[in-house]
Amino acid sequence: MTAAATALLFERTFGGAPAAIASAPARVNLIGEHTDYNGGEVLPIAIARRTYVAVRPNGRDEWRAASATQEGVGSFAAVRPQRSGQWWDYVAGVVNELAAAGRRVPACDVAVWSDVPAGAGLSSSAALEVAVGAALAELPGGTRSARAIAGDAWRAEVEFVGVQCGIMDQFASALARAGHALHVWCDTAAVEHVPMGDAVLIFDTAVPRSLRASAFNTRRAECEQALALLRARYPELANLAQAEPEQIREAVLPEPAASRALHVSEETRRVRRAVGDLKEGRELDGGLLLASHDSLRRLYECSSPELDWFVERAMRAPGVRGARLTGAGWGGCAIAVGDEEALAASAPELEREYALAFGRAPRIWLTRAEDGARAEACDSRPAAKLSSPA
Ligand code: GLA
C-alpha cells in the first residue's frame, strides 16, 4: 500500500515506474539514553512507522528528489553535492558517503513517502537516510549490507548534514528485527537481537525541538570534559561508559561533569540488566525504565515538564509497568510499557489531561518491535529482506 503510494508519487513526478523501492522505520529507544556517543550500550526497537524511497537512474548530471509532504522537486549535483539546508540533504548526504566509499552510483530521480512524524524525536532523518541507502542498494551493482547502509547513513548525518549524533538511530533503522530489540555496543558497533514481544506506547509531547540541537552539543562537550578528568586518574578508560560508578564517585569531579558521567555509567549498566531480563524470557523491567528517566531528569538534565508529567501520569494507569523519555529529550517523545490493553485504554485520558495541562495535543501510538530496512516490491510482490541483516 505505502510502497504503491511511493511508486505513484514517483510516476506522477518523473513519469514511468521506479527501478527500486525500499523502506526503513523510525525508532524508539527502550533504554540506554545518551550512551551511544559515550561508547556505551543502547536498546532501541524499530516502530510501525516507515519512510519509503523509490529510485531510478535518470541519465543526468544531477539528482532530483520529490517528497509527498514537500512542494516542488529539489535537485543536487551528481559530483560533490553541497549542503543546501533543504530536506534532500539527507539524500545527498548518503550519495556523498557512497562516493566516499568508492561506490559509483548513477544520478537518480528519487521519490519519498513517509508516515514518520518529522521533528518528534523518532529519527525521521535516520529513516530517510537508511531508506535511501537501502533503495540504492537494490539497483544493479549496488549491493550493500544493512550494516554498511547504517554506517553510510550515520556518516551522512554527522559529516554532511552536520548533526553530531551517535550511531543508535541509523543502526536501529537499518538492523532492527521484528519481535526483537536491537542491543548495540556503541564502542565496537557490535549488535545482537534480543527477543522483545511487548507492546510499547509512544507519547509525543508535541513540544517544538528548537532547544534540542544546542543542548545536545553542550552535553557532548560536558561528557568529553568528564572523560578527560577521569583519565587523569584512570588512564586506561577507553570511553566514559567504561567508568564504573564507584570510580566516578571516588574521582570527585566538579559539576556538571560528575552528574553527566554517573548517568552515562549507570545507564549503560541498566541496559545490560534489561538485556539480561529479556534474554531470560522476562518482560522489560519497568523499574529500570523509571530509574533511567529519573537519571535523565536529575543527572543529565534533559527532561522537560511535559515528559515528567507523562511519566508520572502514565504510572498511575493500572497495568503500566514503566515509562521514560526516549531519544535526546528536551521535548520529543516518551514511552510506556505494560499490559497492551491497559496501554491502549490509558490513551484517551492521557490525551485529554495533557491538553488541559499544557494546551497542546499530544500524539499517541501503540507499537511493537518491527523490522528494520527492507526492499519493497515495485509491483504487488511481497517485500523481501535485505541481503545480510547484520
Ligand atoms: C539522539 C541522537 C542519538 C542518541 C540520542 C540520545 O536521538 O541522535 O544518537 O545520542 O539522542 O540517546
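Atoms within each ligand, like the ligands themselves, are counted from 1 in listed order.
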Looking only at protein heavy atoms, identify the closest one to atom 5 (C) of ligand 1 and say how far it is in Å.
M168 CE, 3.9 Å

Which ligand 1 atoms are under 4.0 Å away from a heavy-atom of Y37?
10 (O)

Under a 3.5 Å cutoff, is there a donor and acceptor pairing between the side chains of E267 and S292?
yes

contact_flag R27 ligand 1 heavy-atom lt 4.0 Å
yes

Would you say R80 has more than 12 foreign heavy atoms packed within less than 6.0 Å of its CZ?
no

N/O of H34 under 3.5 Å from N/O of ligand 1, yes or no?
yes

Looking only at distances, please establish whether an N/O atom of ligand 1 is found under 3.5 Å from an N/O atom of N29.
no

Which residue and atom name correspond to the protein heavy atom nearest atom 9 (O) of ligand 1, and how close is it?
D36 OD2, 2.6 Å

Return yes or no for this condition: an N or O of G166 is under 3.5 Å from an N or O of ligand 1.
yes

Can you find an N or O of D169 that's nearer than 3.5 Å to an N or O of ligand 1?
yes

Which of the numbered atoms in ligand 1 are under 4.0 angstrom from any heavy atom belonging to C165?
2 (C), 8 (O), 9 (O)

Check each atom of ligand 1 against the heavy atoms of A328 and keep those under 4.0 Å away; list them by number with element.
1 (C), 7 (O), 11 (O)

Applying side-chain contact (heavy atoms from CB on, under 4.5 Å) between L30 and each of L288, L284, T326, report the one that passes.
L284

Answer yes or no: is there a side-chain heavy-atom contact under 4.5 Å between R27 and F171?
no

Closest heavy-atom contact between H180 and A369?
O-CB, 3.3 Å

Would you kindly say whether S125 and E129 are connected by a side-chain donor-acceptor distance under 3.5 Å?
no

Tell me if the CH2 atom of W154 is crowded by more than 12 foreign heavy atoms within 6.0 Å.
no

